[in-house]
Amino acid sequence: MAAVHHLTRTQARQIAIRAQLLDAPRPTGLVEAVRHLTLLQIDPTAAIAPNAHLVSWTRLGSAYDPAHLTQAIQDRKLVEISALIRPMEDIGLYLHDEPEWERLKQWVQDNKAFRRDILERLGQEGPLLSRDIPDTSKVTWQSTGWTNDRNVTRMLEAMGDLGDVAITGRDGKQRIWDLAERVYPADLPTYTPEEAKQIKDERRLRALGIARGKGTAVPVEPAIVGDAGEPAEVEGLPGEWRVDPAALNQPFEGRTALLSPFDRLSHDRTRALQLFDFEYTLEMYKPADKRRWGYFALPILHSDRLVGKVDAKVDRKGKTLQLNAIHQDVRFTEAMTKAVRTEIEALADWVGVTTISETGNTGA
């Protein structure tokens, strides 16, 4: 049995930051970065930029162009599945023999003929948008969310998880679907559920550096890694953690970065609060007068701390970055203020605006 590692909270934070490629030595390529991170989350919100691009810019800096992501998908180095962009060689880990959710499993079973119809249509005419595929379902998908009665979309997504079909690209925001055999490599590895879970846990821990072995799930992908890595205790925090042994005793050089609200460093709010004393809530769904930090506030990383939030929005028609507030969770030093301002200017330059318009509390 591996000995328990005893870490200070500073050490734990630095391990997490390095693992997320947010320390000073930047990665040099998009595909290599995604292979390490294991995923880029797709989210259509573009108050600043779509999440996959914003996360990539935060790692790669001004060298990153959104066209790089499009090209990597066209080259089959990266691929979209279940609203996530993954390395192509990892896709076999995320395909299932049947849906894991019982209600969805039954719905797919009730619509076997519909599933066959989609496969035949794609085989004859693909690649296709979902709107180009007829709805021949016998049982309607019922939901209180946006997928209610959207039978073609729901079946395509289920078939994507099953490995029947795959997303081959996008036409604007619309996904283009094709037979999986035309998108995925012929020699794609297959795994038992147990093998897949073990490998995913190990790769997730490598990307997180330090995480809980078990706990409450969070949307998209939890920061939970089973028995991957080695046990650790973090000073002042209860319970056991799991740490990537390759991340221990490594030098750390921090930098300042503006993070997407969906960034994996702070996505698990409980983990962010425990390791970084960082409180955050995505407030885009709240009424404006109920927001503390803003519609799409960007967490601020400075060295090995999360120190505040930037409330900003891009006005593309006016080519302006509207800077509404810089919220300081800790009092900024002059050096911190300068570093944050430099990042805001770099962000404005990257999104292609010519002016930064300041309103409200931007005194940092």
Side-chain donor-acceptor pair under 3.5 Å between Arg115 and Thr136, yes or no? no

Just by distance, no angles: are the side chains of Thr38 and Asp90 close enough, under 3.5 Å, to form a donor-acceptor pair?
no

**OP:** Say whether Tyr295 and Ile300 are linked into one hydrophobic cluster, either directly or through other cluster members, by side-chain heavy-atom distances under 4.5 angstrom.
**Re:** yes

So the ring-ring contact (aromatic ring centres under 6.0 Å, His included) pairs with at least one residue in residues 96-145 (sequence neighbours excluded) are Trp101-Trp141, Trp107-Trp141

Practice problem: Kindly indicate whether a cation-pi arrangement holds for Lys309 with Phe278, taking the cut-offs as under 6.0 Å to the six-membered ring centre and within 45° of the axis. | Solution: yes

Counting neighbours of CZ on Arg316 that are heavy atoms of other residues, nucleotides or ligands and sit closer than 6.0 Å, is the number greater than 12? yes

[X] with [Y]: basic N within carboxylate O range, under 4.0 Å:
| X | Y | answer |
| --- | --- | --- |
| Arg35 | Glu89 | yes |
| Asp315 | Lys319 | no |
| Glu202 | Arg204 | no |

Which of Ile48, Val310, Thr342, Leu323 passes side chain to side chain contact (heavy atoms under 4.5 Å, CB included) with Leu347? Answer is Ile48

Requested in this report: Flag the pair Ile133 / Leu156 as yes when at least one side-chain heavy-atom distance between them is below 4.5 Å, and no otherwise.
Outcome: yes

So side-chain hydrogen bond (donor to acceptor under 3.5 Å, both in side chains) across residues 19-29, not counting sequence neighbours, yields Gln20-Arg59

